[in-house]
Visitor: 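First, the structure itself, so that you have it in front of you.
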Amino acid sequence: MKLFKVLTGMVIAAVVAISVSACAPTATQEGTGGYIDDTVITTKVKSELLKDDSLKSTEINVETFKGRVQLSGFVSSPTSASRAVQITRGVKGVTSVTNNIQIK
């Protein structure tokens, strides 16, 4: 019976260790906390873009990975694209901005 308790404890410990390590970030994959942080950054960027009346922010897509924000979509002028990048850089938590916005 004592052996059974020891084996059960070891199995439970192994399951917990595997579960925790599955949430750990890698170079190409975020952990749970990083994903939540990036979701908050994306939401803040979209909110700031919506506040700017000179931008058609619904046509700008925002994706964030480890604090690096990628903007894509379409705007009517290079000035609008630059403005979107400028607004994005001003959001707390943004480490870099990749501008893939196209002019239509």
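Just the heavy atoms: all of them, side chains too, but no hydrogens, waters or symmetry mates, feed the values below.
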Visitor: Does F65 belong to the same Ile/Leu/Val/Met/Phe/Trp/Tyr cluster as V62, with side-chain heavy atoms less than 4.5 Å apart forming each link?
Guide: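 No: no chain of side-chain contacts under 4.5 Å links F65 to V62.
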
Visitor: Report yes or no: does S96 contribute a side-chain atom to a donor-acceptor pair with the main-chain N or O of R68 at less than 3.5 Å?
Guide: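 It does not hold such a pair.
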
Visitor: If I take atom OG1 from residue T79 and atom CG from residue L55, how far apart are they, to the nearest 0.5 angstrom?
Guide: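 Those atoms lie 10.5 Å apart.
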
Visitor: Under the criterion side-chain contact (heavy atoms from CB on, under 4.5 Å), which of V97, V40, V91, L50 is the partner of V45?
Guide: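 Exactly one candidate clears the test, V91.
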
Visitor: I'd like to know if the side chain of S47 and the backbone of T43 have a donor-acceptor N/O pair within less than 3.5 Å.
Guide: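 No, S47 side chain to T43 backbone: no donor-acceptor pair under 3.5 Å.
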
Visitor: Could you grab the distance from atom CD1 of I87 to atom NZ of K46, nearest 0.5 Å is fine?
Guide: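 With rounding to 0.5 Å, CD1 (I87) is 15.0 Å from NZ (K46).
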
Visitor: What are the two closest non-hydrogen atoms of I103 and A81, and how far apart are they?
Guide: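 Minimum heavy-atom separation between I103 and A81: CD1-CB, 4.2 Å.
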
Visitor: Are the side chains of L71 and T98 in touch, meaning some heavy atoms are under 4.5 Å apart?
Guide: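 SC-SC contact between L71 and T98 ruled out.
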
Visitor: Working to the nearest 0.5 Å, report the span between CD of Q86 and CG of N99.
Guide: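 Q86 CD to N99 CG: 12.5 Å, rounded to 0.5 Å.
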
Visitor: Restricting to salt bridge (charged side-chain N to carboxylate O under 4.0 Å, His left out), what partner residues turn up for K92, sequence neighbours left out?
Guide: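 Here no residue qualifies.
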
Visitor: Hydrophobic clusters here meaning ILVMFWY residues chained together by side-chain heavy-atom distances under 4.5 Å, can you tell me if V85 and F74 are in one?
Guide: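 Per the 4.5 Å side-chain linkage, V85 and F74 are not co-clustered.
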
Visitor: Can you measure from OG1 (T64) to NZ (K44) and round to the nearest 0.5 angstrom?
Guide: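 If I round to the nearest 0.5 Å, the distance is 11.5 Å.
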
Visitor: For the residue pair T42 / T39, report whether a side-chain donor-acceptor contact shorter than 3.5 Å exists.
Guide: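 Judged by distance alone, the side chains do not pair up.
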
Visitor: I need the full list of salt bridge (Lys or Arg N to Asp or Glu O under 4.0 Å) pairs touching residues 75-84, with sequence neighbours left out, sorted by first then second residue.
Guide: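 Sorted result for residues 75-84: D52-R83.
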
Visitor: Test of understanding: with salt bridge (charged side-chain N to carboxylate O under 4.0 Å, His left out), list the residues that count as partners of E59, not counting sequence neighbours.
Guide: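 Partners of E59 under the salt bridge (charged side-chain N to carboxylate O under 4.0 Å, His left out) test: K104.
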
Visitor: Taking the side chain from S80 and the backbone from S76, do they hold a donor-acceptor pair closer than 3.5 Å?
Guide: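 The answer is no, because no donor-acceptor pair under 3.5 Å joins these two groups.
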
